[in-house]
Amino acid sequence: MMRQYELVERVRRYNPQTNEELLNRAFVYAMKAHGTQTRASGDPYFSHPLEVAAILTDLKLDDATIAAALLHDTIEDTKATRAQIEKQFGKDISVLVEGLTKLKKLDLVSQRAEQAENLRKLLLAIADDVRVLLVKLADRLHNMRTLKWVPEEKRSRIAEETLDIYAPLAGRIGMHDMREELEDLAFRQLSPDIYRSIEGRLATLRDPSKGVIKEIEGELTEELAKKKIKAKVKGREKRPYSIWRKMERKAIGFEQLSDIYGFRVVVPSIEDCYRAIGIVHTKWPFVPGRFKDYISTPKQNDYRSIHTTVVGPGRQRAELQIRTAGMNEIAEYGIAAHALYKDSDGKPNEMLIRDSGAYAWLRRTIELLDEGSSPEEFLEHTKLELFHDQVFCFTPKGRLIALPRKATPIDFAYAVHTDVGNNAVGCKINGKTAPLVSELQTGDEVEIIAGKEQHPPAAWESIVVTGKARAAIRRATRVAVRKQYLGLGRKMVERAFVHAAKPWSDERLSKSLSRLARASVEDVLSAVGRGELKAEDVVRAVNPDWRGEREKRVKPQRSEGWFGLARGASLKFRIPGFSGNSADPKEEAAIPIRGINGELPVRFAPDGGAVPGDRIVGIITPGEGITIFPIHSPALKDFDDEPERWLDVRWDVDDVASQRYPARILVTAKNAPGTLAQIAQIIGEHGGNIDNVHMERRSQDFTEVTIDLGVYDLKHLNAIISQLRAKPVVSSAERFNG
Ligand code: MN
């Protein structure tokens with residue numbers, strides 16, 4: 001732990017007139033107040049306010065701020081009162097500590113995350129004195145640095161809040177180093193896998209180019225010195241989070257990300273900045289589109305600098321920021337740079353703070369509060385400036401979800417929880433049903449509607465904008481496909497054993513794995529499912545003396561249920577392509593079929609379809625899934641020789657007609673004006689839904705009309721057919737059996 005004199009020494013280095021006595025008193029007071037309290041790490045609690053104060057000395061803040069940092073947790077966590085602190089340290093410091101105490105309470109409330117309200121209160125506290133924000137940010141930074149000691153279940157919430165609120169706030173008031181460190185620490189917590197992989201990639205890039213930073217630093221300094229510019233060049237590797245952001249924003253892979261080095265070139269004058277950029281651009285090729293002049297047009301938070309990216313020494317891409325020392329101070333410390341100690345009585349120079357653009361922004365924002373807008377309205381206004389590349393949405397319970405612009409409800413769902421994303425089938429935005437592919441706007445309240453045992457359509461991967469969602473969809477798709485092949489293979493193997501009249505179990509199969517040269521039962525079944533291994537070969541592996549003779553061929557319609565399949569397992573499946581022309585994933589229908597108890601892909605035969613009431617049969621196709629045919633379908637003839645592919649299935653629908661199923665009918669109609677309209681009208685009047693019509697003139701007098709339509713069940717279909725037959729223009733109407 002830092003010693004008392006070390007802290008004072010740190011302050012004295014930038015503020016020779018520091019009020020030592022005041023700092024000492026605050027140190028002792030806080031140390032005594034926290035007494036034997038310990039942090040989660042086991043360290044004395046007092047080490048925390050001390051570290052927060054130390055962070056603020058790096059920002060060269062005034063005595064009152066340092067003292068307030070030492071005292072910031074005393075009112076909330078110890079017996080100390082505001083009155084005592086005011087008596088001992090004066091009004092200025094007690095107001096700061098009071099402000100920090102209010103903010104501390106917010107942290108606890110935000111468990112259930114009423115963050116819009118929190119942000120409002122945070123900014124209200126800052127309104128009293130901007131130094132409150134500086135201490136708060138330092139407090140958060142130290143808490144993030146020691147996050148590993150916090151109980152697991154709290155870490156992610158703290159990290160999320162840091163990424164959503166504190167890091168952007170630090171950036172908005174120009175404290176870029178603070179912002180970057182906060183982001184990086186939060187990112188490490190929230191996406192440890194990605195963090196590690198970027199770090200790993202950085203390490204491999206780093207190795208061969210050892211010393212590349214020093215090399216470029218040296219060459220830049222020398223090149224500028226030749227032209228009589230005294231430049232201080234400082235290089236660094238970019239942080240994993242900023243690399244990740246770039247990968248996300250530009251949708252590029254790590255390999256394509258070549259500029260991982262950044263250099264700050266600090267020169268004496270503005271004129272030197274422009275001379276330096278000229279020298280750099282003549283010496284090294286620059287990357288088009290990367291030159292930005294924030295000196296002639298500063299950013300809103302006062303940031304000024306010239307940016308460019310060059311292909312520098314050693315063919316290494318390097319991003320350069322060229323600026324003066326004064327600009328650099330603001331770039332590093334933001335508002336804190338203006339809060340530098342100026343007066344002999346230890347107060348920051350108010351004028352300097354108020355003149356700064358970042359402070360003006362804070363003031364404007366705070367004025368909005370006085371106009372009495374609701375927290376949501378307020379957030380709406382604030383985030384537009386604070387978080388211009390993000391949208392802020394809410395769960396129905398009021399939890400704030402921050403997303404990049406153009407994010408969809410699918411991204412939202414995955415941001416809430418991976419399971420929510422995987423099970424999403426629809427959504428409501430502000431209470432209204434909306435497509436999952438909508439673009440979210442800030443302030444939207446998003447309710448995700450979950451299905452059961454869903455898995456996300458692979459097509460979502462190209463719709464979402466967040467890496468988290470993309471990775472989760474990819475993972476879920478892989479798992480689903482594996483499961484499907486596994487289920488399909490299991491079904492086929494079961495059938496083959498039944499057919500060979502041989503007993504079957506996983507255990508038997510596991511004893512014969514070596515004969516199949518597979519590592520596990522799952523491997524065997526998946527291979528069969530993918531069509532790489534014949535089910536018969538599996539039977540033979542388990543029963544080496546089986547010769548392959550078949551039982552008498554039995555068709556399912558005469559032997560209902562003889563497969564002994566598990567009953568009652570109803571499966572709802574997405575059938576890509578079933579709803580045909582619709583690209584909207586939420587319109588994918590489900591086939592409710594009984595008799596299939598694995599995660600199998602199921603679809604209707606392309607010609608003719610099947611409706612509840614039809615006797616149906618499933619045909620297994622390795623590597624694809626199960627196709628449902630009505631038993632009367634002539635197409636089934638093709639499978640006569642392969643009875644092991646036949647599967648007994650039945651509908652699993654209740655009496656309430658809620659879903660339409662595809663059927664095809666053939667109508668022979670007289671050639672007369674308005675015939676088609678009459679046919680369509682009858683179908684419409686009886687609740688049928690026409691999907692497609694194909695007409696072919698068969699003769700002078702008659703036209704054959706093929707109609708694909710959606711009906712609730714066989715009764716419904718037959719009713720429509722009878723109605724059609726009753727019309728004089730219709731000469732015949734019948735079901736098409738594809
Ligand atoms: Mn604290």
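Note that ligands are numbered from 1 as they come in the structure, with each ligand's atoms numbered from 1 the same way. Bear in mind the structure is a predicted one, so any value in this text is a computation, not a measurement.
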Asker: Does the distance from a Lys or Arg side-chain N to an Asp or Glu carboxylate O, for D58 and R10, drop under 4.0 Å?
Answerer: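 Here D58 pairs with R10 in a salt bridge, since their nearest N and O are under 4.0 Å apart.
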Asker: Can you see whether Y414 engages N422 through a side-chain donor-acceptor pair at a distance of less than 3.5 angstrom?
Answerer: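 Yes, N422 and Y414 have a side-chain donor paired with an acceptor closer than 3.5 Å.
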Asker: Just say parallel, tilted or perpendicular for the rings of Y241 and F187, cut-offs at 30° and 60°.
Answerer: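 Ring orientation, 0 to 90° scale: perpendicular.
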Asker: If you check every N/O/S atom of D73, which is the one nearest the Mn ion (ligand 1)?
Answerer: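 Relative to the Mn ion (ligand 1), the closest nitrogen, oxygen or sulfur of D73 carries the name OD2.
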Asker: So, D139 and H48: side-chain donor and acceptor under 3.5 Å apart, yes or no?
Answerer: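 Yes, H48 and D139 have a side-chain donor paired with an acceptor closer than 3.5 Å.
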Asker: Among the N, O or S atoms of D139, which one sits nearest to the Mn ion (ligand 1)?
Answerer: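 Closest N, O or S atom of D139 to the Mn ion (ligand 1): OD1.
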Asker: Is the distance from the Mn ion (ligand 1) to some N, O or S atom of H48 under 2.8 Å?
Answerer: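 Yes - counting backbone and side chain alike, H48 has an N, O or S atom under 2.8 Å.
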